[in-house]
Amino acid sequence: MKAWLMPMMACGLFLACDRHASRDEGKARSVEAVPASEMLLREFPLLPVAEKKRWARLQEAEAVRPVTNESREQVDELVEELRRLHPFSSDGDGFELGGIRYDATSRTFRLPARVCYPDEGDERHPGELEVMLCTERGRVHETLFVTEVRPLHLELLLHLAGCRKGVSRFTARIVPASGERVAVREMVRRMDGREWTEPVEWEFSGSGFDDLYAPDLSGDFAIFWHAHDSVLRVADEEIGAGMVKLKPVRHPALANGDSVALEFTVVAREPR
């Protein structure tokens, strides 16, 4: 059995939700008899966590008796909406959600982004780095990369892969069109005069699954300064506290606006 399947099998405990599965294995049920919510759980087991309100509405619509055209249409609409908001797929090598891919063999999460060097003339934080990766609604004036995928989807994939908040750590690399990977520290300069002696590591900080997922609102994916909720944050107390400022370094292989892929790989010492 693939190692990454175990966390997915354990998601029933994480969700603490009733799958309404029959205990009688000798009785087969037709596809029509299986509730839509159960079918969705089989496709993507973390939907009740990511979409508490929509999931409750779906279960309410399924519980209507006798079934009416209105309740059936409501179920169909909610199923279509949930699949559109969280497009999930899996195969023998890993899984993908909303454009973010997890490779189980290398334990790497890969997502699309574009280079976005901070503007030296921006008066808010002239040329400083507080963010490594954000969405368009985030702090684009102080980040290195911008992406169109959702922070929520990365956190959900981290859980499915068995990563743990406050424990799991990652290294990050940039993959330009040339395919030659670039380490993050090649694009960041410490303002305290010290050189990087080790790869920059990121810890799984994550956020709560409330009605609105905070990093989706702030746009913060991976941050240097620990000022807001984010999916990942730099594992350096001085940088995280703002005691050490950072400046961007323009890499010769990465022009502003270039499309790239970002890879976050679980560090070797992380237990499987």
Side-chain angles (χ1 to χ4, degrees), residues 1-21 31 34-59 61-62 74-113 133 135 147-165 168 170 204 206-217 219-222 230-232 261-266 272:
M1 178 180 291
K2 294 281 187 179
W4 60 267
L5 285 175
M6 295 304 295
M8 294 189 69
M9 294 173 65
C11 279
L13 296 176
F14 178 69
L15 298 173
C17 67
D18 182 6
R19 293 174 182 249
H20 308 288
V31 174
V34 179
S37 58
E38 184 170 329
M39 295 296 292
L40 287 176
L41 279 175
R42 293 176 184 178
E43 296 173 12
F44 182 35
L46 292 185
L47 273 177
V49 176
E51 294 286 352
K52 293 178 182 177
K53 288 187 175 181
R54 287 186 177 91
W55 192 259
R57 286 164 50 201
L58 174 60
Q59 292 189 313
E62 288 179 330
Q74 186 178 11
V75 168
D76 291 343
E77 289 175 0
L78 285 166
V79 168
E80 181 180 355
E81 185 176 20
L82 286 167
R83 283 176 171 154
R84 175 181 58 81
L85 290 172
H86 308 283
F88 178 81
S89 62
S90 62
D91 53 42
D93 298 318
F95 32 80
E96 184 171 329
L97 175 61
I100 307 174
R101 173 75 185 175
Y102 172 67
D103 181 84
T105 302
S106 63
R107 304 200 76 196
T108 296
F109 300 83
R110 183 183 176 108
L111 58 88
L133 172 68
T135 65
T147 183
E148 295 182 358
V149 298
R150 293 180 63 181
L152 172 63
H153 287 161
L154 178 57
E155 170 146 352
L156 291 173
L157 285 184
L158 289 168
H159 285 296
L160 281 179
C163 298
R164 293 179 292 164
K165 289 183 179 181
S168 299
F170 311 82
F204 179 14
S207 187
F209 292 97
D210 299 317
D211 291 340
L212 297 173
Y213 182 69
D216 270 359
L217 299 178
D220 286 341
F221 251 101
S230 59
V231 186
L232 304 172
L262 292 185
E263 294 181 339
F264 295 95
T265 302
V266 179
R272 294 179 181 270

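The figures here come from the full heavy-atom set of this structure, side chains too, leaving out hydrogens, waters and symmetry mates. Computed from a prediction, not measured in an experiment: that's the story for all the values here.
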Discussion item. If you count every heavy atom of other residues, nucleotides or ligands that lies below 6.0 Å from Glu81 atom CD, does the total exceed 12?
Written reply: yes
Worksheet item: Can you tell if the side chain of Leu158 reaches within under 4.5 Å of the side chain of Leu232, non-hydrogen atoms only?
Response: yes
Practice prompt. Taking all non-hydrogen atoms of both residues into account, name the closest pair between Ala61 and Gln74 and its distance.
Written response: CB-OE1, 3.7 Å
Worksheet item: Can you say whether the rings of Phe88 and Phe44 are parallel (under 30°), tilted (30 to 60°) or perpendicular (over 60°)?
Response: parallel
Practice prompt. Would you please indicate yes or no on a ring centroid separation below 6.0 angstrom for Phe109 and Phe264?
Written response: no
Worksheet item: Of the non-hydrogen atoms in Phe95 and Ala161, which two are nearest, and what is the gap between them?
Response: CZ-N, 4.0 Å
Worksheet item: Is the Phe221-His153 ring centre distance short of 6.0 angstrom?
Response: no
Fill in: Rounded distance [0.5 Å steps], OH in Tyr213 versus CG in Leu152
6.0 Å
Response to the item:
Closest heavy-atom pair, Arg84 versus Pro87, reported as atoms and distance to 0.1 Å, is O-CD, 3.4 Å
Worksheet item: Can you name the closest pair of heavy atoms from Pro151 and Val231 and give their distance?
Response: O-CG2, 3.4 Å
Worksheet entry | Verdict with supporting geometry, Met39 and Val79, side chain to side chain contact (heavy atoms under 4.5 Å, CB included) | CA-CA 10 Å; Met39 295 296 292; Val79 168; over 6 Å; no
Worksheet item: Between atom OG1 of Thr135 and atom CG of Asp220, what is the distance when rounded to the nearest 0.5 Å?
Response: 8.0 Å
Worksheet item: Looking at Arg110, Arg107, Arg101, which hits salt bridge (charged side-chain N to carboxylate O under 4.0 Å, His left out) with Glu263?
Response: Arg110
Worksheet item: With side chains defined as the heavy atoms from C-beta onward, is the minimum distance between Leu156 and Phe209 less than 4.5 Å?
Response: yes
Worksheet item: Any side-chain heavy atom of Glu51 sitting closer than 4.5 Å to one from Leu58?
Response: no
Practice prompt. I would like to know whether Leu40 and Arg83 meet side chain to side chain contact (heavy atoms under 4.5 Å, CB included); could you show each step before the answer?
Written response: CA-CA 8 Å; Leu40 287 176; Arg83 283 176 171 154; 3.6 Å; yes
Discussion item. Could you measure the distance from the CG atom of Leu78 to the CZ atom of Arg57? Nearest 0.5 Å is fine.
Written reply: 5.0 Å
Item to complete: Measure the NZ-OG distance between Lys165 and Ser207 for me, rounded to the nearest 0.5 Å.
Response: 6.5 Å
Worksheet entry | Side-chain (Glu62) to main-chain (Ser37) donor-acceptor, under 3.5 angstrom | yes
Worksheet item: Under 3.5 Å, side chain of Asp216 to main-chain N/O of Gly219, donor-acceptor pair present?
Response: no
Response to the item:
For Thr265 and Ser106, the nearest pair of non-hydrogen atoms, with its separation, is CG2-O, 3.5 Å
Item to complete: Output the distance between atom OH (Tyr102) and atom CG (Leu111), rounded to the nearest 0.5 Å.
Response: 14.5 Å
Practice prompt. Apply the test side chain to side chain contact (heavy atoms under 4.5 Å, CB included) to residues Val149 and Leu154: give CA-CA distance (whole Å), side-chain angles for both, the deciding distance (0.1 Å), then the verdict.
Written response: CA-CA 9 Å; Val149 298; Leu154 178 57; over 6 Å; no
Item to complete: Hey, could you give me the CZ/CD1 distance between Arg150 and Ile100, rounded to the nearest 0.5 Å?
Response: 10.0 Å
